[in-house]
Protein chains: 2
Amino acid sequence: MATVSRVVNNNPNVKPQTRKKVYEAIERLGYRPNAVARGLASKKTTTVGVVIPDISNSIFAEVARGIEDIANMYHYNIILCNADKKKEKEIRVINTLLEKQVDGLVFMGGVVTEDHIQAFRTASVPIVLCATTDENGSIPSVDIDHEGAAFDAVNTLIRHGHRDIAMISGTLQDPANGFARFQGYKKALEGAGIEYKEDLVRIGNYRYESGVEAMKYFLGLKKRPTAIFAATDEMAIGAIHCIQDAGLKVPDDFSVISVDNIRMASMVRPQLTTVAQPMYDIGAVAMRLLTKLMKKENVENSQVVLPHETILRLSVSQVNE
Amino acid sequence: MATVSRVVNNNPNVKPQTRKKVYEAIERLGYRPNAVARGLASKKTTTVGVVIPDISNSIFAEVARGIEDIANMYHYNIILCNADKKKEKEIRVINTLLEKQVDGLVFMGGVVTEDHIQAFRTASVPIVLCATTDENGSIPSVDIDHEGAAFDAVNTLIRHGHRDIAMISGTLQDPANGFARFQGYKKALEGAGIEYKEDLVRIGNYRYESGVEAMKYFLGLKKRPTAIFAATDEMAIGAIHCIQDAGLKVPDDFSVISVDNIRMASMVRPQLTTVAQPMYDIGAVAMRLLTKLMKKENVENSQVVLPHETILRLSVSQVNE
DNA sequence: CTGTTAGCGCCTTCAT
DNA sequence: ATGAAGGCGCTAACAG
């Protein structure tokens, strides 16, 4: 019994011959170790929980791949739980995961509220935020500088001579993808001495359709903007199609730029100019950080901000006077 | 101790007053039940494992949503494991999931080989295949009729007067998305008395880029086809962009049709005509089937085939002579 | 309705 | 290098 345990756990204190015999018996009997019993006895499950806000969002899917590759590398299993963008469900899966005795948790995307912090606080295992942060930075996290990314996006518009720049924003309640990107927009305008006009901002929900809607509104303006900054690629693509469906052209009639660089960004015509966030790396770095935390290694910086990069493609052009 | 167990498990045999007291204590102590210990004692984990071949494929993501909604409805947790389209990894996660004592397993997408069947055979819990089937139909499954879907797609091309119809296929090793769809193509041609020509078929890998490549090849043909049938929407979209980048038009110069109906199909211009598979429903029905199996209810039909439907959009037109 | 008693299958000392 | 024994936290009979 104990010897079998040793063999299964690669404990060196087993005579090679015995080890071989055990393996044979395992094979013959079709023995499969019971991870539940093992977890109970050893108080470790070698699995980490990952809560993903929306499985059908390709950004999170890519982040998840990064998480997973690193997890596998360190021999952790991961159990992914979808939370459907619902706060209530997020809290629920966090608790479920904790009950399942995961050795660590990564919380992806999503707004981190006081209730989340509360749930995290009761956990006895390390937690890292991934592609999101909490406002007061008390929890280890890996993300990009959303405001900076937005700032850069709007600035490339400005450098192309645009001054009438509209924004399709996400909800301002969302500190990262929403509010921070909006702040970046405002600061870029301010930096260029361009007046901020409220009717050049529409709030969308990050998805394609809301990009279409917002653009319809801008097309209806008496004084149309010459460029559109969308908080996400999906909304930007919606805007592009709305423009095209109206018989106008990108970038001739409107330049459009956004933030994310999802796969689809290079699968539209014209290909989308956008500020890329390193999705895979965000996941990978977050998981790496978590492994350190789980091993109680001390980490110097637990609030990591990964660099973004502007990808020039074909949806932005010099403004034509 | 036992009483606490009763209240936590909603056993009715507890005086309401005692129940209340227990809840208070739970609250006060911040007690969180240990699902691992519970699983060991009760021999049930109320979780089902889901292996997803490729988390960044939106089809599987949508199927997963169907699985999840139904799982939640029946109070099962699900643990999603990505397998990266690698057979070896698929087998590994199946075993991991089984070691974790899941109460059931859904295996999504992917080719079901003899090795898979072998792994399934050692399981003592029910398994259902989802968006795939095994060749001899010995395992419960939920899928569409891939051959029929492809047949319908090619037929709508034929009804629009096309006779020079090329196909961008998946690998013929894949029985469902590959071989079956290819068979549907051939049968449709046959049914219309059109000769099958080998150089009108290219093998892709289901992804956008391979659609582009295949289309480049067709554009280079001395006698070009007038219509393209792609085995997946992604490849179809690649083909469309390849056509457009060559200065030609869809559907004026080429009609294109495919199978899947991913979200992106209506997010391209022209919007893609395609044969829709009910992704969410495939997941939902599979999970429902699994719940029945787990409860040992008897099911009449464990090989369910869901209907597909042709969605006419703008990428197919009458052939111009 | 509530408390007592065995395990669930494994890991981990402690002897041998 | 191996075996014996206790216990991980909970559920499931069984008494009372």
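Convention: sequence-line order gives letters A, B, ...; per-chain numbering from 1. Quick note: numbers below take in every heavy atom, side chains included, and nothing from hydrogens, waters or symmetry partners.
- Rotation axes derived from the C1' atoms of the five outermost pairs at either end of the helix from C/dC1-D/dG16 to C/dT16-D/dA1 lie 30° apart, to the nearest 10°.
- Among the heavy atoms of the strands lying under 4.0 Å from A/Asn34 are primed sugar atoms or P, OP1, OP2 only; no base atom is included.
- The residue among A/Ala37 and A/Pro16 whose nearest nucleotide of DNA chain D is located toward the 5' end is A/Pro16.
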(request) Give the intermediate values and the outcome of side-chain hydrogen bond (donor to acceptor under 3.5 Å, both in side chains) for residues A/Asn95 and B/Arg32. (result) CA-CA 9 Å; A/Asn95 283 316; B/Arg32 196 199 306 272; 2.8 Å; yes
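- Using a 4.0 Å cut-off, some side-chain N or O of B/Thr18 falls inside it from OP1 or OP2 of C/dT2.
- Rounded to whole Å, atom P of D/dA12 lies 9 Å from atom CG of B/Asn11.
- Nearest to the side-chain atoms of A/Ser42 among the listed nucleotides C/dT12, C/dG9, D/dG9 stands C/dT12.
- Listed nucleotides D/dG9, D/dA13, D/dG7 differ in distance to A/Ala41; the shortest reach to its side chain belongs to D/dG7.
- Residue B/Lys21 places its NZ atom among 12 or fewer non-hydrogen atoms of other residues, nucleotides or ligands, all under 6.0 Å distant.
- Listed nucleotides C/dC11, D/dC10, D/dT2 differ in distance to A/Asn13; the shortest reach to its side chain belongs to D/dT2.
- Residues A/Lys44 and A/Leu40 each lie close to DNA chain C; by heavy-atom proximity, the contact nearer the 5' end of the strand is made by A/Leu40.
- Residue B/Asn10 contributes atom CG, which lies 16 Å from atom C1' of C/dC1 at whole-angstrom precision.
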(message) Determine whether B/Arg38 and B/Asn34 satisfy the following criterion, side-chain hydrogen bond (donor to acceptor under 3.5 Å, both in side chains), listing intermediate values before the conclusion.
(response) CA-CA 6 Å; B/Arg38 174 184 294 184; B/Asn34 180 326; over 6 Å; no
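- Without hydrogens or angle criteria, A/Gln303 side chain to A/Asp143 main chain gives no donor-acceptor distance under 3.5 Å.
- Close to D/dC10, at under 4.0 Å from its OP1 or OP2, lies no side-chain N or O of B/Ser5.
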(request) Any chance you could lay out the side-chain hydrogen bond (donor to acceptor under 3.5 Å, both in side chains) test for B/Asn82 and B/Lys89, step after step, and finish with the verdict? (result) CA-CA 9 Å; B/Asn82 188 33; B/Lys89 198 166 172 197; over 6 Å; no
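- OP1 or OP2 of D/dT11 lies within a sub-4.0 Å distance of a side-chain N or O belonging to B/Arg38.
- If you check every strand for non-hydrogen atoms under 4.0 Å, A/Thr3 touches sugar and phosphate atoms only.
- Rounded to whole Å, the distance from OH on A/Tyr31 to C1' on C/dG9 is 7 Å.
- Remark on DNA chain C: of its neighbouring residues B/Lys43 and B/Met1, the 5'-side contact belongs to B/Met1, judged by nearest-heavy-atom nucleotide.
- Counted within 6.0 Å of CD on A/Glu27, heavy atoms from surrounding residues, nucleotides or ligands total 12 or fewer; the atom is thus considered open.
- Ranking D/dG9, D/dT2, D/dA12 by closeness to the B/Ala2 side chain, first place goes to D/dA12.
- An OP1 or OP2 oxygen of D/dT11 is reached within less than 4.0 angstrom by a side-chain nitrogen or oxygen of B/Asn9.
- A salt bridge links B/Lys20 with B/Glu24: the closest approach of a Lys/Arg side-chain nitrogen to an acidic carboxylate oxygen falls below 4.0 angstrom.
- The base of D/dG3 sits within donor-acceptor range of the side chain of A/Arg6, with an N or O pair under 3.5 Å.
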(message) Does A/Tyr206 form a side-chain hydrogen bond (donor to acceptor under 3.5 Å, both in side chains) with A/Asn57? I'd like the steps, not just the answer.
(response) CA-CA 10 Å; A/Tyr206 305 125; A/Asn57 185 322; over 6 Å; no
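- The NZ atom of A/Lys15 sits 15 Å away from the C1' atom of C/dT16 (whole-angstrom rounding).
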